[in-house]
Protein chains: 2
Amino acid sequence: MPVSKHPSRTGPVTLASIAAHAGVHLSTVSRALSAQPDGVGPETVERIRTLAHELGYRRDAAAHTLRTGRTRMIGVLVPRLTDVALATIYEGIDQAATRAGYNTVVANTRDDVELQRSCLDLLLSRRVDGLILGDSRTGSNLIPELQRTQVPFVLVMRRLPGQISITTDDVEGGRLAAEHLLELGHKRVGVVAGDPSASTGAERTRGFRDTFAKAGFPIPDEYVIDSDFHVRGGRRAAERILRLPVRPSAIFAINDFTAIGVMGAVRDAGLQVGSEMAVVGYNDLDLAEQLPVGLTSVRSPLTEMGELSVHTLLDMLQGKKVRSRRLRPVLMARASTLNSR
Amino acid sequence: MPVSKHPSRTGPVTLASIAAHAGVHLSTVSRALSAQPDGVGPETVERIRTLAHELGYRRDAAAHTLRTGRTRMIGVLVPRLTDVALATIYEGIDQAATRAGYNTVVANTRDDVELQRSCLDLLLSRRVDGLILGDSRTGSNLIPELQRTQVPFVLVMRRLPGQISITTDDVEGGRLAAEHLLELGHKRVGVVAGDPSASTGAERTRGFRDTFAKAGFPIPDEYVIDSDFHVRGGRRAAERILRLPVRPSAIFAINDFTAIGVMGAVRDAGLQVGSEMAVVGYNDLDLAEQLPVGLTSVRSPLTEMGELSVHTLLDMLQGKKVRSRRLRPVLMARASTLNSR
DNA sequence: CCGAGCAACCCAAACGTTTGCGCTTGATTA
DNA sequence: TAATCAAGCGCAAACGTTTGGGTTGCTCGG
């Protein structure tokens with residue numbers, strides 16, 4: 001058990017105070033405590049290390065950073081952590097980072113440009129070694145600004161042309177959802193399209209619409225409703241779709257949360273999810289399978305994306321050449337589309 | 001290893017480089033850029049500030065912390081951010097902290113003691129000004145260690161005797177759920193009890209069982225299954241309950257995610273959620289209301305808890321006297337218990 | 001006209017680390 | 001036996017900031 005000897009008497013325990021206790025120079029302590037203790041006798045190293053442990057020494061991160069210029073921290077920007085998809089990605093990021101001896105600091109930007117800027121400023125002034133951006137949007141001028149700082153970064157979840165990114169193939173995902181519904185005989189469908197400034201929303205929707213169009217059933221614009229990525233946004237969009245003069249027989253939602261909102265709207269319209277209105281989600285969160293009506297969803301490897309983004313970033317930090325990755329999505333068919341049609 | 005070789009022409013912009021540009025002393029720049037620029041002429045302040053902005057100056061957090069000993073950072077420990085309840089609390093924390101000029105850094109500890117310790121170590125070596133702990137458990141020896149560091153902290157979501165905490169009244173919440181089911185005529189019920197080392201799990205379960213016992217229908221131990229707080233854990237626990245010789249007519253789940261797992265198990269057992277098996281959740285997440293069968297749930301004010309924990313911590317930092325808070329939960333009755341019984 | 005008072009600014013010492021360099025030892029080698 | 005050498009350690013200079021205490025000038029009341 002590590003127990004500090006004089007908790008209140010002695011101030012914070014630093015290299016200097018350890019050195020005093022051990023009767024050696026402060027710099028010797030520093031070396032002894034470093035990963036490769038070169039130029040210090042083995043028994044001295046051992047003595048100093050146990051002493052440091054007993055005194056409850058913790059290296060001061062601020063001083064370390066100030067001296068070395070490196071923080072072993074990577075900054076992460078996400079729209080919202082209450083979105084389980086992003087939280088899962090972040091979990092993958094944090095895991096991989098921890099394993100590599102890095103720590104992460106995350107910030108919610110809520111798809112708000114002002115917040116993005118201030119969060120970015122914060123992370124940069126905290127001198128993160130690199131950044132992982134989960135909230136990139138088309139038409140933002142933050143990326144060029146960021147490039148000027150020379151701090152390496154990778155995008156995750158959402159793409160931007162010309163930037164290194166780790167995503168799933170969202171066009172393909174949209175296509176999978178569309179083909180599934182076409183096979184089941186759906187001809188008129190609605191889309192809860194998410195935010196068109198996010199590549200996820202834009203590409204999933206595009207893949208979906210293109211496939212229906214190619215099959216001879218182009219989807220009219222009024223059947224495609226933009227939304228955010230949350231339950232309530234999904235609900236609102238679905239309500240609009242359900243009020244259309246000719247009701248569709250299926251709705252494709254941009255992610256599982258909006259799909260749940262869609263389910264609620266369908267239910268309150270007096271329709272049975274699955275048999276009377278097919279619903280398809282995206283991401284295949286854990287809960288999709290367990291819903292009272294199992295949700296058909298396009299599975300994307302979220303944790304893996306997170307981990308991969310970290311590995312890519314670390315490679316960049318080492319000056320290696322890196323490339324973007326687009327992982328393959330898979331459709332998981334369940335009761336929300338398969339029930340007795 | 002190559003050392004301190006700066007790739008860009010212009011080095012990092014510091015107080016010194018601004019001072020050189022402005023033709024004043026570095027300390028004058030520091031004062032001009034501080035919140036209350038005392039002892040610097042108004043026009044000098046203006047000149048320096050615009051210059052700093054033009055050069056893209058960002059105060060170095062490490063140096064600032066090293067000098068002042070304060071970081072304006074608060075550390076947050078949660079079990080998992082993929083648990084929407086915790087993510088929502090964290091969102092409240094981050095909001096309130098940002099408004100107060102503080103930043104947060106969060107870490108997932110997964111209810112793992114080793115991880116808790118290492119995350120705590122990390123946050124302390126980053127010199128956070130204070131801590132908010134969302135993952136406290138009975139029987140852990142981390143709290144006494146933490147107290148020795150003199151870093152102030154508050155618990156959120158889960159309580160521990162003798163510690164400042166911001167929670168909802170979980171015993172009361174359990175009671176609300178029980179009374180609701182009793183009123184509907186349920187006599188034999190199952191409980192997915194969560195983790196008994198977390199006060200949430202223990203107290204919600206206790207409030208629920210006590211109420212049933214008082215009503216004359218004590219719940220046998222084999223109808224109470226411990227679990228984690230996630231979808232799969234809920235599903236597994238429910239499967240065990242459904243295999244009991246005498247099947248209950250209702251299941252109380254420790255939170256909404258486990259409740260969804262319960263719903264999946266009930267569905268796959270060939271039963272209708274609501275009419276054939278009542279299900280009650282806890283937290284009333286956004287999605288509870290929108291599920292194909294609306295989930296009856298005990299609402300707890302998550303965002304508010306997060307904000308309150310920050311306010312409490314900031315009061316502690318100012319040396320004020322603070323007290324624990326237990327917010328009141330409210331039952332939201334929906335189809336998962338109300339459907340035609 | 002002279003010192004007091006004051007505004008505006010400069011100086012330098014910290015904060016806790018890391019790290020190149022130089023100084024002792026004692027042992028090895030020519 | 002003396003020159004060489006490496007191991008083991010001490011010394012001191014940074015890193016960028018804040019801040020208590022000078023040091024200038026200047027104004028102004030007596």
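Each chain gets a letter, A, B and so on, in the order its sequence line appears, and its residues count up from 1. Computed from a predicted model, the values in this text were never measured in an experiment.
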Here the distance between atom P of D/dG8 and atom CZ of A/Arg47, to the nearest Å, is 13 Å
Is the shortest side-chain N/O distance from B/Ser30 to OP1 or OP2 of D/dG16 below 4.0 Å? no
Please name the residue in the list B/Leu77, B/Val76, B/Leu123 that meets the side chain to side chain contact (heavy atoms under 4.5 Å, CB included) test with B/Val106. B/Val76
Base, sugar-phosphate, or nothing: which does B/Ser34 touch, judged by heavy atoms less than 4.0 Å apart? nothing
With respect to the phosphate group of D/dC9, does any side-chain polar atom (N or O) of A/His25 fall under 4.0 Å of OP1 or OP2? no
When you check the phosphate oxygens OP1 and OP2 of C/dT19, does a side-chain N or O of A/Ser27 lie under 4.0 Å from one of them? no
Distance, rounded to the nearest Å, where B/Arg59 contributes CZ and D/dC15 contributes C1': 17 Å
Looking at D/dT17, D/dG16, C/dT17, which one has an atom nearest to any side-chain atom of B/Pro12? D/dG16
With heavy atoms under 4.0 Å as the rule, sort B/Thr44 into base, sugar-phosphate or nothing. sugar-phosphate
Nearest whole angstrom, please: distance from the P of D/dG10 to the CG of A/Leu15. 13 Å
Audit row: B/Arg158, B/Asp135, salt bridge (Lys or Arg N to Asp or Glu O under 4.0 Å) steps and yes/no: CA-CA 7 Å; B/Arg158 303 179 183 174; B/Asp135 63 344; over 6 Å; no
Interatomic distance, B/Asp60 CG vs D/dT17 C1' [rounded to whole Å]: 8 Å
Salt bridge (Lys or Arg N to Asp or Glu O under 4.0 Å) for A/Arg31 and A/Asp38? Distances and angles first, verdict last. CA-CA 7 Å; A/Arg31 279 181 243 263; A/Asp38 292 332; over 6 Å; no
D/dT19 P sits how many Å from B/Leu26 CG, rounded? 14 Å
Rounded to the nearest Å, what distance is computed from the CD1 atom of residue A/Ile18 to the C1' atom of nucleotide C/dT17? 12 Å
Report the distance from atom CZ of B/Arg58 to atom C1' of D/dT17, rounded to the nearest whole Å. 17 Å
Distance check needed: D/dG16 C1' versus A/Arg127 CZ, whole Å only. 8 Å
Any donor-acceptor pair under 3.5 Å joining the side chain of B/Arg31 to the base of D/dG20? yes
Worked check of side-chain hydrogen bond (donor to acceptor under 3.5 Å, both in side chains) between B/Thr104 and B/Tyr90: CA-CA 9 Å; B/Thr104 66; B/Tyr90 175 63; 2.8 Å; yes
Find which nucleotide of DNA chain C each of B/Gly39 and A/Thr28 is nearest to by heavy atoms, and output the residue with the more 5' nucleotide. B/Gly39
At their closest point, which heavy atom of B/Asn103 faces which heavy atom of A/Arg126, and how far apart are they? OD1-NH2, 3.3 Å
Which part of the nucleic acid, if any, lies within reach of B/Arg70 when heavy atoms closer than 4.0 Å are counted: base, sugar-phosphate only, or nothing? nothing
Please classify the nucleic acid contact of A/Pro42 as base, sugar-phosphate, or nothing, using heavy-atom distances under 4.0 Å. sugar-phosphate
